[in-house]
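Let me begin by presenting the structure, written as structure tokens, before commenting on it.
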Amino acid sequence: MIDISKISSNYVIRKLNDSDSDSIVELCKDNMQFYKYCELKPTKEQILHDLHITPPGIDISSKYYIGFYQKDVLVAVMDLIDGYPKQDFAFIGFFMMNKDFQGKKIGTAIISELITYLTVIGKTAIRLAINKDNPQSNHFWKKNGFNVIKEVNRNGELILIAEKKL
């Protein structure tokens, strides 16, 4: 089980819920680069859906849709799944930075703290999916040590499955 309070020493982290959907949408609307490469749009309905969806066979109790806060400012949003696709793995389903905090190595610092925490609790790898055509996402995850392990076609989109061994 993940204790979200131990993921970061630099940010207050809390589990996000339906009442946070408007602030999540606002953060996402400033990041249209991400949405340019997928069929989704940052709408309240989409965020509400994302807050509750899990991979097949994963209980909602293993899902941590969390916000990283600096005072009252939402710095980043992450959808983290514990025990997927294997019990000793974690899966990042979504990670989005507040536009005002991008380009300052803050996203990398957040991922670094997450890696440290997941290693301490015994996870052996982190997986995620990247849209193959999105150069910003590809660069960010490669810079943070994630390696593509396979390519899949998901509804006409080429998706890269990337992994970082811990």
Side-chain angles (χ1 to χ4, degrees), residues 1-35 37-102 106-121 123 125-131 134 136-137 140-141 144 146 154 157 159 161-164 166:
M1 174 164 261
I2 292 174
D3 180 349
I4 62 171
S5 69
K6 295 183 179 177
I7 292 174
S8 176
S9 60
N10 295 308
Y11 299 96
V12 173
I13 299 176
R14 71 173 178 81
K15 201 164 186 181
L16 301 173
N17 58 49
D18 292 359
S19 66
D20 297 303
S21 61
D22 289 335
S23 60
I24 298 167
V25 169
E26 287 308 308
L27 182 143
C28 292
K29 279 184 178 178
D30 287 338
N31 287 282
M32 293 311 292
Q33 165 96 17
F34 172 81
Y35 293 98
Y37 296 99
C38 65
E39 295 180 12
L40 303 174
K41 298 292 178 219
T43 64
K44 185 170 185 164
E45 293 74 25
Q46 183 61 48
I47 297 302
L48 289 169
H49 176 264
D50 290 351
L51 283 165
H52 300 283
I53 192 167
T54 61
I58 300 297
D59 188 77
I60 194 72
S61 64
S62 296
K63 179 183 180 79
Y64 301 87
Y65 201 106
I66 55 179
F68 293 75
Y69 288 86
Q70 187 176 68
K71 297 184 181 173
D72 292 335
V73 177
L74 181 58
V75 174
V77 172
M78 179 183 291
D79 184 11
L80 183 65
I81 307 293
D82 186 16
Y84 182 78
K86 299 176 185 176
Q87 192 57 40
D88 59 337
F89 281 42
F91 188 88
I92 299 173
F94 184 71
F95 180 63
M96 181 77 63
M97 291 289 301
N98 179 320
K99 189 104 171 143
D100 295 338
F101 292 84
Q102 291 179 8
I106 294 170
T108 294
I110 288 171
I111 297 303
S112 178
E113 283 192 309
L114 175 68
I115 289 166
T116 299
Y117 171 72
L118 292 174
T119 302
V120 166
I121 67 166
K123 297 298 174 188
I126 305 172
R127 277 202 189 155
L128 50 85
I130 310 165
N131 186 297
N134 186 331
Q136 183 182 25
S137 292
F140 177 80
W141 293 113
N144 284 285
F146 286 78
R154 186 177 67 194
E157 285 182 82
I159 304 298
I161 306 300
E163 181 176 287
K164 178 170 180 69
L166 304 181

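Any value given below was found using the heavy atoms of this structure, including those in side chains, with hydrogens, waters and symmetry copies removed. These figures come from a predicted structure and were not determined experimentally.
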Can you measure from CG (L128) to CD1 (I159) and round to the nearest 0.5 angstrom? 11.0 Å
Would you confirm whether S62, through its side chain, and I58, through its main-chain N or O, come within 3.5 Å as a donor-acceptor pair? no
Return yes when atom NZ of K15 has more than 12 non-hydrogen atoms of other residues, nucleotides or ligands closer than 6.0 Å, and no otherwise. yes
All heavy atoms of I130 vs all of S137, minimum pair found to be CG2-CB, 3.7 Å
Going by atom types only, do N98 and Q102 share a side-chain donor-acceptor pair under 3.5 Å? no
Going through the distances and angles, do I2 and L118 end up as a side-chain contact (heavy atoms from CB on, under 4.5 Å)? CA-CA 8 Å; I2 292 174; L118 292 174; 4.2 Å; yes
Distance, nearest 0.5 Å, that separates CD1 of I81 from CZ of F94: 13.0 Å
Give me the atom names and distance for the closest heavy-atom approach of I13 to I4. CD1-O, 3.6 Å
Step by step, would you call L51 with N17 a side-chain contact (heavy atoms from CB on, under 4.5 Å)? CA-CA 7 Å; L51 283 165; N17 58 49; 5.8 Å; no
Minimal non-hydrogen separation, M78 against F95, with atom names: CE-CD1, 3.6 Å
Is there a side-chain contact (heavy atoms from CB on, under 4.5 Å) between I111 and F146? Walk through the geometry before answering. CA-CA 11 Å; I111 297 303; F146 286 78; 4.2 Å; yes
Looking at every non-hydrogen atom in both residues, tell me the closest pair between A129 and I161 and how far apart they are. CB-CD1, 4.0 Å
Decide yes or no for L27 and M96: does some side-chain heavy atom of the first lie under 4.5 Å from some side-chain heavy atom of the second? yes
For N10 and S8, does a side-chain donor sit closer than 3.5 Å to a side-chain acceptor? no
Tell me, which pairs form a ring pair (Phe, Tyr, Trp, His ring centres under 6.0 Å) where one or both residues lie in residues 44-90, sequence neighbours left out? Y84-F91
Using salt bridge (charged side-chain N to carboxylate O under 4.0 Å, His left out), reason through K63 and D82 one step at a time and then give a plain yes or no. CA-CA 6 Å; K63 179 183 180 79; D82 186 16; over 6 Å; no
Got a second to check how far S21's OG is from E26's CD, nearest 0.5 Å? 10.5 Å
As an exercise, state the distance from CG of L166 to CD1 of I126, rounded to the nearest 0.5 Å. 5.0 Å
Mind checking the OG1-NZ spacing from T116 to K6? Nearest 0.5 Å is all I need. 14.5 Å
What's the shortest heavy-atom distance between R127 and P85, and which atoms? NH1-CG, 3.2 Å
Measure across Y11 and I106 and return the closest heavy-atom pair with its distance rounded to 0.1 Å. OH-CG2, 3.0 Å
Distance in Å, L16 CG paired with I24 CD1, rounded so as to fall on 0.5 Å steps: 4.5 Å
